[in-house]
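Notes follow the structure.
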Amino acid sequence: MALGDLMASRLVHSSSSSSAAPSAALPNHHTNHVDEQLPVENGPEPRRDAADEESPSPVAYLPQVVVLCEQRHEGFDEAAAAAAGPSTSGLVSKWRPKDRMKTGCVALVLCLNISVDPPDVIKISPCARKECWIDPFSMAPPKALETIGKTLHSQYERWQPKARYKLQLDPTVDEVKKLCNTCRKFARTERVLFHYNGHGVPKPTANGEIWVFNKSYTQYIPLPITDLDSWLKTPSIYVFDCSAAGMIVKAFLERLDWSSSSSGSSSKDCILLAACEAHQTLPQSAEFPADVFTACLTTPIKMALHWFCKRSLLRGSMEHNLIDQIPGRQNDRKTLLGELNWIFTAITDTIAWNVLPHDLFQRLFRQDLLVASLFRNFLLAERIMRSANCSPISYPLLPPTHQHHMWDAWDMAAEICLSKLPQLIADPNAEFQPSPFFTEQLTAFEVWLDHGSENKKPPEQLPIVLLSQSHRFRALVLLGRFLDMGPWAVDLALSVGIFPYVLKLLQTSAMELHQILVFIWTKILSLDKSCQVDLVKDGGHAYFIRFLDSLDAYPEQRAMAAFVLAVIVDGHRIGQEACVNAGLIDVCLRHLQPENPNDAQTEPLLLQWLCLCLGKLWEDFPEAQLLGLQSNAPEIVICLLSEPQPEVRASAVFALGNLVDIGSPSLNGADDDSDDDEKVRAEINVVRSLLQISSDGSPLVRSEVAVALTRFAMGHNKHIKSVAAEYWKPQTNSLLKSLPSLANINSSNVYSPSSFIQGSRQPAPHIGPVLRVGSDNSATGRDGRISTSSPIATNSIMHGSPQSDDSSQHSDSGILLRKNSSNGGLNYTRSRPVDNGIYSQFIATMCNVAKDPYPRIASIGRRALSLIGVEQVVMRNSRLSSGGAHPGETSAPPSSNFGMARSSSWFDMNSGNFSMAFRTPPVSPPQHDYLTGLRRVCSMEFRPHLLNSPDGLADPLLSSSAAPSNMGLDILPQSTIYRWSCGHFSRPLLTGSDDNEEANARREERERIAMDCIAKCQRSSCKMTSQIASWDTRFELGTKASLLLPFSPIVVAADENEQIRVWNYDDALPVNTFENHKLSDRGLSKLLLINELDDSLLLVGSSDGNVRIWRNYTQKGGQKLVTAFSSVQGYRSACRSIVFDWQQQSGYLYASGDMSSIIVWDLDKEQVVNTIQSTADSSISALSASQVRCGQFAAGFVDASVRIFDVRTPDRLVYTARPHAPRSEKVVGIGFQPGFDPYKIVSASQAGDIQFLDVRRTSEPYLTIEAHRGSLTALAVHRHAPVIASGSAKQMIKVFSLEGEQLTIIRYQPSFMGQRIGSVNCLSFHPYKSLLAAGAGDNALVSIYAEDNYQIR
């Protein structure tokens, strides 16, 4: 199967399996839709037929939907993003040669002195005579010497044709010196090769001297190796073909050691190849040529075949002279000689890569083509000469390779070649049959892929894959599979040398290679960003743009092309310019739009990477930004801000954010530039769309919005300050007496960003400033009133007024605006002001972002406020004054005076150095009544550790050490979506994860346990008479919520201060304790369990509407925040009484409270999918989602009414009743009755009555229980067992059956020191067992009750 098809099948399978999960999670499919069966507004009772009587399978109660388990929920901060993105260091530095080199000059020195044997050599008869395959005695000595010299020249020239060659035959010392100096002068910094053949002179001396001649050839003259080295210098490579050549190597190494110890320069790059060791003599056997070492180095195929032929079974049947007649050319792989050469190269490369350390392999086999060829051939020389008891040596020293098993593959290939040779010579037209070598090696590689891993020995066939030209497609597919195994595999492949190979393949037009090449380049660039330079230099970007624009490939593969292009333009101006000129902007924008508006949108991964590619293309590139604006890019990309995938939304924000120019000094005076004016207007349109999604449910999206808005602040900071100065002026004290603060601008639940534009523009008489502004805008008015044209002076922002219920209790932040003086590098501004409304909206939104429940986003918000000169003055809430200060807060001494600070920018005060800490000093002493409703003021110290994000991570903003001139660019918070998204391609894409199999097995086991427990509890008596555990949580404010985990004896409890504690009730041991957050606003609403059948997550709903979801909460200190968002962002909640419920089957979270709407969140998409009007005059006090029907939930109201809603019906509201009339106390608890009947609900009011309703009949209850007299505080309905429980403030818990029978009444703890159970704050049943947890308000106890026969494990 082709890799493209394999990828498609994997991806389609994964998408189909994931899309199947929701359908499996929709229980009760055989019944009709709910709007056909539930009466609308108490309509006529529907007819019930037999189908209604049937009970669906119990599996309906075990939902299959799993949410919040995507890669984005593992974390996306700067550290995670940096680890995920392509690198330019680390692994990368190993594979790429530090500097490519070539051998520029070759000096050939032959001391043969033909016909005169040296005195220290005794030759045998017959003995080896051939030099360069020429018999020197077949012609006159001078002619023979000249012919041998020319032949050696031609043999070397085949390996390095572009080098300059210098030949000296039987030279003197002066001639060698001149030769060396000439070669070094010509080569300059390139390598020089010195080849010495000393077969006609004595052996080297013990001092490492080689011999040459005097002018008259009457004496042998010694040439010290030190002189030779001083002439040739470095870099150099020496080949010594003579007996006892090891003497030279030994002397050379001694000189290198001496040089390195004295100067450390001469020894850096010197390579030696010697024919034998110091005590050895060259082979004299007639079966070898006399220069067998040189023959191996320069004519390896011929030498290898001659040597093999004499040792194979063919030796008696084949004439040796046929080897010299092998047809073909060595560089033509489709001929016999060319294929043999290719096989030999593959085998020697493979041996070297498997035996040598990788850095040495890179130096010897990848840095210099001639050196690489010589060392491949040196491996052959070692094999052949060791058979003659002669051991070639080298420096650097290589490990022995003569017995490597890959030589067996060479022998087989040689034997097949020789067996065909007579036929091919006899019939030149005979068809050439390729060797099976490459096919067999690829098969071996494929077997390794099926069973290998990072922890096993690397595949030894990897170098062969690059050289399998006749099987190129198969080789590339297997290479792609290997690269998919992880970054370690990519690094191995790069170290072998695939880079130039796959780079050259981008020039091919072969259609079948397109998909696999894109995949391979995706894997390479996911590891190493530096390849972008090579791609642009060779025009490779055009290849990927064409592929991206093609509709033939799968969307996932085109997403890979978009990724490659994004890496090409990432921080690379030449790449950006090349891609812009190639039309990349138009290609991306075209594919971001569906051809037919009614068509489903494109594959999310492709949309994501098209946006990221555009964002990187526009990043810090004004010309490309202008082209994008002219191409209508904002309107196209803005449409993606409502996509269901958070990654797509975040990527769209990233692209839009990079269309916003952060400003530059050159633009400050461009008032006459109409293009710039158009650009500013387009940027404002972009920012307006970003402000509208600043409350997105995904931290990934909100983080990008915050970063993009900070870029806007950078480019418009002067105008933003002037707008603030215009609207927030010093007011009279009488106004300030009635003003708690404008802090509610900074609360995440009081306004929607659009409210500034939509609200009334009438000034409110009770609003005064909490900002003291000093501005360089001299036109500031002096009348002391807020401008009536101010968009911020609207009714929608006035929730901080005394008319609001929560103003005096929950105002916890003030804002001050620093005087606008020179901001150093931050004083960039736009050429002309725009609509001031967008600036007001921006300031309020960023104040909101600064209190985001996700710590990193809040940190970015604080940075943005600092960049524009708005400081937050954090005030401790008097209601929570008993709690300790949290990190990031600094308590000021008690004082009767409260002053708003005014100072120049803290960037200027620190002059770019953030180590100086200071407090903003108070100005003129204000009146005492400024302190209305406030106890203490905390002035922010500008120390890095105090501006750290609440999660304790160091703030990168404050670690900058840039000079003031460019400080503004360096301290901007960095986007993480691009580098984080890059991590997707560094992970395996073709294989399923083993973790999925383990998770599925664990889930099946849990489903079995759950079904067993459900069956038991449905048959049980449900009399909770036995108290099996009592836990003193030590909460100061009592237990507000509790939760029993389904598959472990764990109870989770929390208090109003949002302290969360986990306890093992079987072992009576604490498990974990942590804070939900470190902010001063505290208040808990509910604990919920998400994904209870899998790796469960703990949802903590705060009473202000913020939702935080934790994983690993049962590990001591191991809790990790998965996501956090404000569930009621943009809605007023005066009483901070938000209620929640969770529906696993649909993945919906329902949130409402003192507001007119019910917000329905899809936690898979992390966005609001519905906003349902409650159609009631009072607020909602209780919510309960159906465990049977997706999208159905019940709501209890403060006015004692009950309503049922269904998001699937057009009217949403399907049932209304007032079961508690004539009482009007609020509904404390509501729930669907246990079992599979979705029509019966239970409602309990604060008055103490519990009402049972059947929504199919009437609005009147069919059963009423007077449980408690005016003091009911909690209601719990078991999910499966026919039992409910209620608790009261009068230290009493009652358990009832569904028929109204009182099963249990609990007044005292019978077995734990006789303590009273306390006022009941919360009740919760175990999901599958007959267990009840009760949390007390006054003594903070959590008690767990079970039946008498309950057994502790």
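Starting from 1, each residue takes its place in the sequence as its number.
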*Give a yes or no answer on whether the side chain of Gln576 reaches the backbone of Lys616 with a donor-acceptor pair at less than 3.5 Å.*
yes
*Less than 4.5 Å apart, any side-chain heavy atom of Val580 and any of Glu623?*
no
*Within the distance-only criterion (no hydrogens, no angle test), does the side chain of Ser866 pair as donor or acceptor with the backbone N or O of Arg862 below 3.5 angstrom?*
yes
*Checking Trp618 side chain against Ala624 main chain: does a donor-acceptor pair fall under 3.5 Å?*
yes
*Sidechain-backbone polar pair: Arg573 side chain, Asp620 backbone, donor-acceptor under 3.5 Å*: yes
*asked:* Restricting to non-hydrogen atoms, name the atom on Ser651 and the atom on Gln608 that form the minimum distance, rounded to 0.1 Å.
replied: OG-CG, 3.1 Å
*Minimum side-chain heavy-atom gap Ile720-Phe712 below 4.5 Å*: yes
*Would Val569 and Phe621 count as a side-chain contact (heavy atoms from CB on, under 4.5 Å) if you check the C-alpha gap in whole Å, the side-chain angles of each, and the deciding distance to 0.1 Å?*
CA-CA 10 Å; Val569 300; Phe621 190 13; over 6 Å; no
*Say you draw a straight line from CD of Glu643 to SG of Cys611; how long is it, rounded to the nearest 0.5 Å?*
9.0 Å
*Hey, does the side chain of Glu647 reach the backbone of Ile977 with a donor-acceptor pair shorter than 3.5 angstrom?*
no
*Below 4.5 Å, heavy atoms only, C-beta onward: do Lys529 and Cys982 meet side chain to side chain?*
no
*Please round to the nearest 0.5 Å and tell me the distance separating atom CG of Leu584 and atom CG of Leu589.*
9.0 Å
_With rounding to the nearest 0.5 angstrom, report the CG to CD distance, Leu612 to Glu619._
11.0 Å
*Is it the case that Tyr839 and His716 place a side-chain donor and acceptor less than 3.5 Å from each other?*
yes
*asked:* If you define the side chain from C-beta out and look only at heavy atoms, does anything of Pro855 sit under 4.5 Å from Leu1121?
replied: yes
*asked:* What's the separation between atom CG in Asn658 and atom CG in Leu614, rounded to the nearest 0.5 Å?
replied: 10.0 Å
*May I ask you to decide if Leu972's main-chain N or O and Gln974's side chain share a donor-acceptor pair within less than 3.5 Å?*
yes
*Closest heavy-atom contact between Ala652 and Leu640?*
CB-CB, 3.9 Å
*asked:* Go through it in stages, so that I can follow the logic: the residues are Val653 and Val701, the test is side-chain contact (heavy atoms from CB on, under 4.5 Å), and I'd like the CA-CA distance, side-chain angles, deciding distance and then a yes or no.
replied: CA-CA 7 Å; Val653 172; Val701 180; 4.3 Å; yes
*Could you tell me the separation between the OG atom of Ser694 and the CZ atom of Phe842, rounded to the nearest 0.5 Å?*
11.0 Å
*asked:* With rounding to the nearest 0.5 angstrom, report the CD1 to CD1 distance, Ile843 to Ile838.
replied: 11.0 Å
_Shortest non-hydrogen contact from Ala864 toward Thr710_ = CB-OG1, 3.5 Å
*Minimal non-hydrogen separation, Val637 against Ala655, with atom names*: CG1-CB, 4.3 Å
_So does Leu700 get a backbone contact from the side chain of Ser703, meaning a donor-acceptor N/O pair under 3.5 Å?_
no
*asked:* With a 4.5 Å cut-off on side-chain heavy atoms, are Asn1106 and His1077 touching?
replied: no
*Could you pull out the closest heavy-atom pair between Pro699 and Glu1166, with the gap in Å?*
CD-OE1, 3.7 Å
*Does the side-chain contact (heavy atoms from CB on, under 4.5 Å) test come out yes or no for Gln625 and Val660, once each step is laid out?*
CA-CA 8 Å; Gln625 293 169 359; Val660 176; over 6 Å; no
*Sub-4.5 Å side-chain heavy-atom contact between Leu629 and Glu678*: no
*With side-chain contact (heavy atoms from CB on, under 4.5 Å) as the test, would you mind laying out the steps for Asn685 and Arg681 before giving the verdict?*
CA-CA 6 Å; Asn685 187 38; Arg681 280 200 288 270; over 6 Å; no
_The criterion is salt bridge (charged side-chain N to carboxylate O under 4.0 Å, His left out); which residues satisfy it with Asp696, sequence neighbours excluded?_
Arg649
*Looking only at non-hydrogen atoms, find the nearest pair between Ile636 and Ser631 and report the distance.*
CD1-O, 4.2 Å
